[in-house]
Amino acid sequence: MSQQHIRVRFAPSPTGPLHLGGVRTALYNYLFAKKHGGTFILRIEDTDKKRFVPNSESYILKTLKWCHIEPDEGVGYGGPYSPYHQSKRINIYRYYINQLLNNGYAYYAFETDDDLGIKRKEYKNMGLTFSYNYENRNKLDNSLNMTKEQLKKKLDICSSYVIRFKINPGEKLKMHDIIRGWITIHTDQLDDKILLKSDGVATYHLASTIDDHLMKITHVIRGEEWLSSLALHFLLYRSFGWDPPNFAHLPLILKKDGKGKISKRNPENFPIYPMQWINGDTIIPGYKELGYFPDAFVNMLALLGWNPGGKREIFSLQELVKTFSLSRIKKSGVFFDIKKVYWFNKKYLISKKEEVFSFMCKKMQKNFILYEKDYLWKVIHLTINRIHFIHEIWEHSFYFFTPPSYYDTYFLRKIKNNHEQIIFKLKNAKLSLYKINPFTYVNVKLFFQKYENKCRIKMMQLFRFALVGNLKGVDLFTILEMIGKKESIQRLDNLINKIK
RNA sequence: GGCCCAUUCGUCUAUUGGUUAGGACGUCAGGUUUUCAUCCUGGAAAGAGGGGUUCGAUUCCCCUAUGGGCUACCA
């Protein structure tokens with residue numbers, strides 16, 4: 001296994017935006033490929049015309065790019081096994097299905113979807129489950145029950161048919177999964193799955209089996225929802241006389257509220273899209289738009305169902321590649337915790353001060369604020385641990401550059417009720433402030449220490465309110481020293497005018 | 001219903017026969033911060049249940065329960 005060139009594929013269908021689970025599947029494929037110096041391939045499984053959603057493909061491409069898990073080969077990247085859209089490979093599937101037909105592994109079936117729907121209902125009413133399988137196929141309208149001539153005639157009149165895979169009972173299949181070990185399934189339980197739909201397009205089972213073989217995929221890493229189809233896929237490989245690839249079925253990401261796996265259809269109480277998705281008039285923001293860093297997002301995703309064994313949790317993509325292994329993937333489904341991503345983002349944020357700096361620079365330019373680099377750096381160091389996202393930095397640091405344009409209404413009302421006394425205090429304080437020379441942290445601190453305990457706290461509260469607009473923020477003496485005497489007095493005046 | 005897969009603190013997880021069952025997020029309490037946040041310290045918090053196997057089971061086996069997947073001319 002270690003000798004061969006590893007080739008893995010991420011094969012989403014363009015039925016909408018990729019969600020968390022899809023991105024994680026792509027990530028694990030990417031990690032596994034990179035770890036072994038292999039090739040990561042993107043194949044688009046667009047065999048379902050009905051569910052096709054425009055823009056999904058570009059969304060998938062953009063998302064992988066944003067996450068820095070770009071394919072080496074496939075849709076958007078080219079490669080020796082093109083085309084990588086299944087819709088463009090229909091003739092290939094037809095060629096191979098003929099092989100199956102000729103060898104007796106597949107047969108024509110003429111029931112329509114509606115016919116079968118009725119049949120299922122009938123069975124259900126009797127307390128049974130209808131299955132198109134070895135028990136029933138002899139009673140149904142298919143080529144198994146016809147002579148060659150009859151079939152020919154039927155095909156001449158009836159243009160609508162499907163091709164089913166003939167599964168023989170009585171065999172116990174033992175299949176290996178890298179994550180789960182050996183899995184046993186009896187062929188009696190399988191039904192004759194449709195391989196070619198009446199619109200002439202192959203189903204997932206056929207298309208992916210053929211493509212995985214033709215594209216020389218060595219490891220199929222996909223969600224656990226495929227585990228039940230594993231036997232079918234094994235049988236398909238065997239019918240073609242091909243060696244199956246290795247399989248690894250990933251645990252599903254489960255919904256926290258309600259039941260089931262996460263899906264595009266049922267929105268969660270946390271964002272499930274990596275990037276924004278525009279659906280008509282509604283825009284659903286993704287992690288990117290919400291301010292999450294791709295590396296924090298990817299780091300969190302990697303640890304959802306897998307971990308390298310130690311106590312460390314922060315890993316760069318390169319470190320993930322280095323430590324990744326399929327054998328350490330968990331078997332059980334996982335619940336997603338938005339608070340943990342929030343924490344991850346903060347961890348990444350404090351290591352991205354340069355990005356915060358350039359964000360602030362742009363903000364300043366936009367607001368026509370002049371600043372000095374050193375001053376800005378100091379502000380960032382003072383405020384960065386108060387935020388989780390870059391875009392939050394301004395609301396926590398504006399007062400170092402510009403007076404508050406808004407005062408906390410609750411406290412404002414409180415001091416307005418007592419404004420004469422407050423104004424008196426502020427005016428007195430202003431006079432004292434003039435005399436502080438130089439206007440340094442230490443001297444400002446000394447000034448406040450002249451007040452008695454109770455008074456001092458109230459005074460500091462007032463000052464903070466005048467400077468910041470509310471009762472939260474960086475150490476008061478630091479703010480005073482940084483914005484300087486003139487600006488400080490100006491802001492006291494502002495407040496006095498406000499409450500007059 | 002049938003089949004398949006799973007089951008360690010609320011959540012993500014470590015521990016692959018012998019541990020006071022460890023960490024992280026969250027949570028609670030205390031401390032630092034003359035505010036808030038950060039930070040520091042500490043606490044509460046888990047092997048689904050029942051049988052085996054074994055000197056000894058979270059770890060191996062069986063049953064039950066629970067959760068999940070599949071059961072489409074969807075992937």
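Within every chain, numbering begins at 1; the chains are lettered A, B, ... in the order of the sequence lines, protein sequences first and strands thereafter.
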Enquirer: In terms of the angle between their ring planes, are A:Tyr273 and A:Tyr59 parallel, tilted or perpendicular, with boundaries placed at 30° and 60°?
Expert: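 Aromatic pair A:Tyr273/A:Tyr59 classed perpendicular.
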Enquirer: Would you mind listing every salt bridge (charged side-chain N to carboxylate O under 4.0 Å, His left out) that reaches into residues 294-311 of chain A, with sequence neighbours excluded?
Expert: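 Qualifying pairs, neighbours excluded: A:Asp295-A:Lys352.
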Enquirer: Rounding to a whole Å, what distance do you find between A:Ile167:CD1 and B:C3:C1'?
Expert: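 To the nearest whole Å, that distance equals 13 Å.
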Enquirer: If the C1' atom of B:G10 is compared with that of B:U20, how far apart are they to the nearest Å?
Expert: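 That atom pair is separated by 23 Å.
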Enquirer: Tell me which nucleotide among B:A75, B:C73, B:G10 gets nearest to the side chain of A:Arg164.
Expert: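 Of the options given, the side chain of A:Arg164 lies nearest B:C73.
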Enquirer: Kindly indicate, with the supporting measurements, whether the criterion side chain to side chain donor-acceptor pair (under 3.5 Å) is fulfilled by A:Ser58 and A:Asn55.
Expert: CA-CA 5 Å; A:Ser58 63; A:Asn55 300 326; 4.5 Å; no
Enquirer: Using atom NZ of A:Lys347 as one end and atom C1' of B:A24 as the other, report the distance to the nearest whole Å.
Expert: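 After rounding, the reported distance stands at 10 Å.
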Enquirer: Quick check on RNA chain B: between A:Ile183 and A:Thr203, whose nearest nucleotide comes earlier from the 5' end?
Expert: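 Residue closer to the 5' terminus by nearest nucleotide: A:Ile183.
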Enquirer: Test the A:Lys154-A:Phe110 pair against the cation-pi criterion, namely NZ or CZ under 6.0 angstrom from the six-membered ring centroid and within 45° of the ring axis.
Expert: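 The answer is yes, since A:Lys154 meets both limits relative to A:Phe110.
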Enquirer: How many Å lie between NZ on A:Lys339 and P on B:G26, as a whole number?
Expert: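 My rounded result for the distance is 8 Å.
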Enquirer: Could you state the NZ-C1' distance from A:Lys331 to B:U59, rounded to the nearest angstrom?
Expert: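 It works out to 11 Å between those atoms.
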Enquirer: Please determine if A:Asp212 and A:Arg43 form a salt bridge, counting it only when a charged side-chain N lies under 4.0 Å from a carboxylate O.
Expert: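 Answer for the salt bridge query: yes.
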Enquirer: Over how many whole Å does the gap from A:Ile457 atom CD1 to B:U33 atom P extend?
Expert: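 Computing the A:Ile457:CD1 to B:U33:P distance gives 12 Å.
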Enquirer: At 4.0 Å (heavy atoms only), tell me whether A:Leu471 reaches a base, stays on the sugar-phosphate, or touches nothing.
Expert: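 Counting heavy atoms under 4.0 Å across all strands, the contact made by A:Leu471 includes a base.
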Enquirer: Could you tell me whether A:Val162 contacts a base, only the sugar-phosphate backbone, or nothing, with contacts defined as non-hydrogen atoms closer than 4.0 Å?
Expert: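 Touches a base.
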Enquirer: Please determine, for the side chain of A:Trp343, which listed nucleotide (B:U71, B:C73, B:G26) has the closest atom?
Expert: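 The answer is B:G26.
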Enquirer: Looking only at side-chain N and O atoms, does A:Lys197 come under 4.0 Å of OP1 or OP2 in B:A75?
Expert: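 The answer is yes; a side-chain N or O of A:Lys197 sits under 4.0 Å from OP1 or OP2.
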Enquirer: To the side chain of A:Arg328, which of B:A14, B:G1, B:G22 is closest?
Expert: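 Side chain of A:Arg328 sits closest to B:A14.
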Enquirer: For A:Arg464 and for A:Ser228, find the nucleotide of RNA chain B with the closest heavy atom, then tell me which residue's nucleotide is more 5'.
Expert: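 On the 5' side of the pair lies A:Arg464.
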Enquirer: Within the structure, does a side-chain N or O atom of A:Arg312 lie under 4.0 Å from either OP1 or OP2 of B:G22?
Expert: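 No, because none of the side-chain N or O atoms of A:Arg312 sits under 4.0 Å from OP1 or OP2 of B:G22.
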Enquirer: So what does A:Thr184 touch, heavy atoms closer than 4.0 Å: a base, only the sugar-phosphate, or nothing?
Expert: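 Here A:Thr184 touches the backbone only, sparing every base.
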Enquirer: Would you check, one step at a time, whether the test side chain to side chain contact (heavy atoms under 4.5 Å, CB included) holds for A:Tyr287 with A:Phe270?
Expert: CA-CA 10 Å; A:Tyr287 284 85; A:Phe270 54 81; 4.0 Å; yes
Enquirer: OH of A:Tyr342 versus P of B:A37: gap in Å, rounded?
Expert: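 Rounded to whole Å, this separation is 12 Å.
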Enquirer: For A:Phe477, report the nucleic acid contact type (base, sugar-phosphate, nothing); a contact means any heavy atom under 4.0 Å.
Expert: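 The residue A:Phe477 makes base contact.
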Enquirer: Which nucleotide, B:U34, B:U13, B:A72, lies nearest any side-chain atom of A:Arg120?
Expert: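 Of all the options, the side chain of A:Arg120 is nearest to B:A72.
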Enquirer: Taking the P atom of each, how far is B:U19 from B:C70, in whole Å?
Expert: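 Per the computed distance, 41 Å lies between those P atoms.
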Enquirer: Taking it one step at a time, do A:Asn142 and A:Tyr161 satisfy side chain to side chain donor-acceptor pair (under 3.5 Å)?
Expert: CA-CA 9 Å; A:Asn142 59 54; A:Tyr161 62 84; over 6 Å; no
Enquirer: Would you measure the distance from the P atom in B:G30 across to the matching atom in B:U7 and give it in whole Å?
Expert: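 The answer is 39 Å between these two P atoms.
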Enquirer: If the P atom of B:U16 is compared with that of B:G52, how far apart are they to the nearest Å?
Expert: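 Straight-line distance between the two P atoms is 26 Å.
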Enquirer: Answer yes or no: side-chain N or O of A:Ser198 and base N or O of B:C73 forming a donor-acceptor pair under 3.5 Å.
Expert: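 Yes.
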Enquirer: Please report, rounded to the nearest Å, how far the C1' atom of B:U11 is from the NZ atom of A:Lys330.
Expert: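 Taking atom C1' of B:U11 as the reference, NZ of A:Lys330 is at 11 Å.
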Enquirer: Once you apply a heavy-atom cut-off of 4.0 Å, does A:Asp475 come out as touching a base, just sugar-phosphate, or nothing?
Expert: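 Touches a base.
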Enquirer: How far does the P atom of B:A45 sit from the matching atom of B:G69, given to the nearest Å?
Expert: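 Per the computed distance, 33 Å lies between those P atoms.
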Enquirer: Of all the choices, B:U11, B:C73, B:C12, which nucleotide is nearest to the side chain of A:Val334 once you look at every atom?
Expert: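 When the side chain of A:Val334 is considered, B:C12 is the closest of B:U11, B:C73, B:C12.
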Enquirer: Heavy atoms only, 4.0 Å cut-off, all strands: where does A:Val474 land among base, sugar-phosphate and nothing?
Expert: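 Here A:Val474 touches the bases of the nucleic acid.
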Enquirer: May I ask you to say what A:Arg222 touches in the nucleic acid, namely base, sugar-phosphate or nothing, with a heavy-atom cut-off under 4.0 Å?
Expert: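 Touches nothing.
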Enquirer: Within this structure, what is the CG-to-C1' distance between A:Leu190 and B:C3, rounded to whole angstrom?
Expert: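 One finds 9 Å between C1' of B:C3 and CG of A:Leu190, rounded.
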Enquirer: Can a donor-acceptor pair under 3.5 Å be found between the side-chain atoms of A:Lys340 and the base atoms of B:A24?
Expert: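 Per atom types, the contact qualifies.
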Enquirer: With heavy atoms under 4.0 Å as the rule, sort A:Asn307 into base, sugar-phosphate or nothing.
Expert: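 A:Asn307: backbone/sugar contact only, no base atoms under 4.0 Å.
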Enquirer: Counting only side-chain nitrogens and oxygens, does A:Arg180 get under 4.0 Å of the OP1 or OP2 atom of B:C4?
Expert: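 No, because none of the side-chain N or O atoms of A:Arg180 sits under 4.0 Å from OP1 or OP2 of B:C4.
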Enquirer: Looking at the side chain of A:Asn385, which of B:C12, B:A37, B:C73 is the nearest nucleotide?
Expert: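 Nearest nucleotide to the side chain: B:A37.
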Enquirer: At a heavy-atom distance below 4.0 Å, what parts of residues 42-58 of chain A sit against RNA chain B?
Expert: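 Correct list: A:Glu45, A:Thr47, A:Asp48, A:Lys50, A:Arg51.
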Enquirer: With heavy atoms under 4.0 Å as the rule, sort A:Gly473 into base, sugar-phosphate or nothing.
Expert: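 Base, at least one base heavy atom under 4.0 Å.
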Enquirer: Does any donor atom in the side chain of A:Asp115 or A:Thr112 lie under 3.5 Å from an acceptor atom in the other side chain?
Expert: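 Yes.
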Enquirer: Which nucleotide in the list B:A75, B:A14, B:G68 gets nearest to the side chain of A:Leu254?
Expert: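 Among B:A75, B:A14, B:G68, the one nearest the side chain of A:Leu254 is B:G68.
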Enquirer: May I have all residue pairs that pass side chain to side chain donor-acceptor pair (under 3.5 Å) and include part of residues 163-189 of chain A, sequence neighbours excluded?
Expert: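 Only A:Arg137-A:Asn168, A:Glu171-A:Arg238, A:Asp177-A:His249, A:Arg180-A:Glu224 qualify under side chain to side chain donor-acceptor pair (under 3.5 Å).
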Enquirer: For a quick check of understanding: with a heavy-atom distance under 4.0 Å over all strands, which category does A:Gly305 fall into, base, sugar-phosphate or nothing?
Expert: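 Sugar-phosphate contact only.
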Enquirer: Are A:Arg312 and A:Glu319 close enough for a salt bridge, meaning some N to O gap below 4.0 Å?
Expert: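 Yes, this pair counts.
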Enquirer: Distance between the C1' atoms of B:A57 and B:G47, in whole angstroms?
Expert: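 Looking at atom C1' only, B:A57 and B:G47 are 11 Å apart.
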